[in-house]
Asks: 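Input: one structure, supplied below.
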Amino acid sequence: MKPSIPSGTRDFGPAEMYRRNRFFDVVREVFSRYGYQPLETPAFEYLATLTGKYGDEGDKLIFKILNSGDFLADAGAEALANRDHKKLLPQICDKALRYDLTVPFARYVVMQQHQLTFPFKRWQIQPVWRADRPQKGRYREFVQCDVDVIGSKSLLYELELLQILSEVFQQLDVGIVIKLNHRKLLAGIAELVGSADKLIDLTVAIDKLDKIGLEKVEAELKEKGFDDAALLRVREVLRLTGDNDQKLAALGRVLAGTASGPTGVAEMAEVLALAQRSGSRLCPIEFDLSLARGLSYYTGAIFEVKVQDPRSTFTSSISGGGRYDDLTGIFGLPDMSGVGVSFGADRICDVLAEIAGAGAETKTATRVLVVNFGAAELDYALRIVRTVRQAGVAADLYPEAAKLKKQFGYADALGIPYVAIAGGDEIAAGQVTVKNLKTGEQQKVALADVAATVR
RNA sequence: GUGGCUGUAGCUCAGUUGGUCAGAGCACCAGGUUGUGGUCCUGGGGGUCGCGGGUUCAAAUCCCGUCAGCCACCCCA
């Protein structure tokens with residue numbers, strides 16, 4: 001058979017792995033420096049743990065795991081006969097691959113609530129799976145890097161997440177903008193137009209504003225049953241202009257009479273104020289009413305990161321998150337507010353690759369390749385590799401006494417910067433000829449100095 | 001789940017109205033050069049033209065089906 005892998009999954013060769021590891025090193029370091037603790041949870045959970053948390057669309061995208069053995073044993077005759085897949089599903093499948101890291105985290109917090117000290121801060125870097133149709137920047141298996149803090153309503157954590165987002169992307173040297181919005185503002189708008197119960201429809205439509213334009217958003221809202229008076233007010237709100245504070249102030253006046261609006265305005269203002277007086281060098285923050293985010297569990301601030309870098313053409317979001325007030329409630333632990341963001345490792349690495357361009361790909365960490373001349377020189381060659389490796393420098397010995405052309409070509413192909421040559425003359429003198437493959441320069445150095453020369 | 005585009009060598013692709021259309025570049029291997037690579041020269045290996053069926057004297061080329069990939073919508077990291 002012709003070997004292949006399912007679409008939306010990928011192998012990562014050495015060049016990609018160097019890039020990915022650099023990224024993971026950065027996020028891990030930042031996460032732990034901000035006081036977050038590591039956590040891992042299983043790749044699969046009970047299906048019931050996952051369903052109902054991500055909205056109807058999300059539930060469809062959960063990868064289900066067929067029960068082992070005779071999975072039809074427990075299948076109801078009725079569901080089978082009627083080909084009723086919705087009814088049949090829970091009868092033949094009780095496990096599923098995790099869809100994100102936030103819900104398993106909430107499950108963990110509830111299970112371990114008596115062992116944990118709150119506020120509990122954790123980071124988690126693991127793959128998640130979605131039964132989506134892949135396309136550019138969209139995979140069916142991808143790695144999320146989550147930081148969440150649970151058990152505190154303090155808006156200082158919103159600030160902290162803005163700081164973490166900023167630090168990570170600054171260290172990676174990727175230009176971004178952090179979009180910020182608040183679910184209670186959206187709820188206030190829904191209230192204002194008299195459709196508090198259609199919050200989801202409203203936010204989904206508003207979310208498309210910068211993509212399809214105001215007119216099409218209004219058309220979609222009309223289709224969903226919003227009347228002309230409502231559309232007028234939506235338009236009024238979406239047309240607010242000015243800087244973050246001006247937009248927020250204007251919105252405050254519009255939403256003054258609503259139940260949830262003022263809270264949203266106040267919290268939003270607080271977060272923006274904290275960001276200003278934090279003293280941190282933050283990435284640009286843009287208060288954006290059209291940011292909705294589909295995940296149904298968000299209740300407060302919502303974040304999203306977009307690339308804003310002349311070297312990149314990436315348009316989809318590379319990080320996202322928000323505050324959720326009751327994610328643990330469904331597992332039996334109410335009043336546990338949490339907030340977190342997730343870095344989309346795969347998309348970010350795509351951006352890094354795009355920025356780095358085709359050249360300068362690292363293929364190996366090896367600094368020096370020791371030439372193999374054959375049996376007579378082998379002992380000395382082995383001594384060179386051993387000495388260099390013991391000095392903490394990556395070294396390799398060519399396995400056969402092949403032609404130098406071939407050995408040099410190997411070093412060249414892998415991007416190993418130095419070649420070490422030691423024949424009779426060098427051995428007699430206790431020296432090694434070290435050649436820099438990039439410049440072509442070569443020099444004889446003492447065996448003990450090889451590591452320092454190629455480091 | 002809906003729609004569009006594309007499948008020819010390891011990779012990127014060319015292949016005219018069906019008739020030397022099985023090709024190029026890169027990559028790979030060998031030699032030129034048994035202690036000096038990345039340049040250059042010479043030679044070489046490698047393809048059921050995604051798969052199945054049909055039309056035709058003749059199909060990579062036209063038709064039908066199918067599978068796969070990509071892109072967009074939906075949704076999302």
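The sequence lines fix the lettering, A, B, ..., with proteins before strands; numbering per chain opens at 1. Just the heavy atoms: all of them, side chains too, but no hydrogens, waters or symmetry mates, feed the values below.
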Asks: Between A/K438 and B/G37, is there a side-chain N or O to OP1/OP2 distance below 4.0 Å?
Replies: no

Asks: Going 5' to 3' along nucleotides 2-12 of chain B, which nucleotides have protein heavy atoms under 4.0 Å from the base (write B), which only from the sugar-phosphate (write S), and which from neither (write -)?
Replies: BB---------

Asks: How would you label the contact of A/K136 with the nucleic acid (heavy atoms, under 4.0 Å): base, sugar-phosphate, or nothing?
Replies: sugar-phosphate

Asks: Across the strands shown, which category fits A/D346 at heavy-atom distances under 4.0 angstrom: base, sugar-phosphate, nothing?
Replies: nothing

Asks: What do you reckon, are the aromatic ring centroids of A/Y398 and A/F408 less than 6.0 Å apart?
Replies: no

Asks: What does A/G409 touch in the nucleic acid at a heavy-atom separation under 4.0 angstrom: a base, only the sugar-phosphate, or nothing?
Replies: sugar-phosphate

Asks: So, A/F343 and B/A77: ring centres less than 5.5 Å apart, planes less than 30° off, yes or no?
Replies: no

Asks: For B/C70 and A/Q135 - does any side-chain N or O of the residue sit under 4.0 Å from the phosphate oxygens OP1/OP2?
Replies: no

Asks: For B/U2, which nucleotide is its Watson-Crick or G-U wobble mate, given both distances must be under 3.5 Å?
Replies: B/A72

Asks: Check this one for me: any side-chain N or O of A/K406 less than 4.0 Å away from OP1 or OP2 of B/A30?
Replies: yes

Asks: Does the side chain of A/K405 get closer than 4.0 angstrom to OP1 or OP2 of B/U34 through an N or O atom?
Replies: no

Asks: Look at the side chain of A/D132 and the backbone N and O of A/R140, then say whether any donor-acceptor pair between them is shorter than 3.5 Å.
Replies: no

Asks: Please classify the nucleic acid contact of A/G374 as base, sugar-phosphate, or nothing, using heavy-atom distances under 4.0 Å.
Replies: nothing

Asks: Looking just at side-chain N and O atoms, do A/T41 and A/Q124 make a donor-acceptor pair shorter than 3.5 Å?
Replies: yes

Asks: I'd like the C1' distance from B/G44 over to B/U48, given in whole Å.
Replies: 23 Å

Asks: Side chain of A/R138: nearest nucleotide among B/G35, B/A77, B/G37?
Replies: B/A77

Asks: Side chain of A/Q442, base of B/G37: donor and acceptor closer than 3.5 Å?
Replies: no

Asks: Taking only side-chain nitrogens and oxygens of A/S7, does any of them come within less than 4.0 Å of OP1 or OP2 of B/G69?
Replies: yes

Asks: How is A/Y139 classified with respect to the nucleic acid when contacts are heavy atoms under 4.0 Å: base, sugar-phosphate, or nothing?
Replies: base

Asks: Give me the distance, rounded to whole Å, that separates B/G19 from B/C28 when you measure between the C1' atoms they each carry.
Replies: 35 Å

Asks: Contact class for A/L437 (heavy atom, under 4.0 Å): base, sugar-phosphate, or nothing?
Replies: base

Asks: If we call it a pair only when both distances are under 3.5 Å in a Watson-Crick or G-U wobble match, what pairs with B/G47?
Replies: none

Asks: What is the nucleic acid contact for A/E426, judged by heavy atoms within less than 4.0 Å: base, sugar-phosphate only, or nothing?
Replies: base

Asks: Is it the case that B/G38 (base atoms only) and A/D412 (side chain only) share a donor and an acceptor within less than 3.5 Å, ignoring hydrogens and angles?
Replies: no

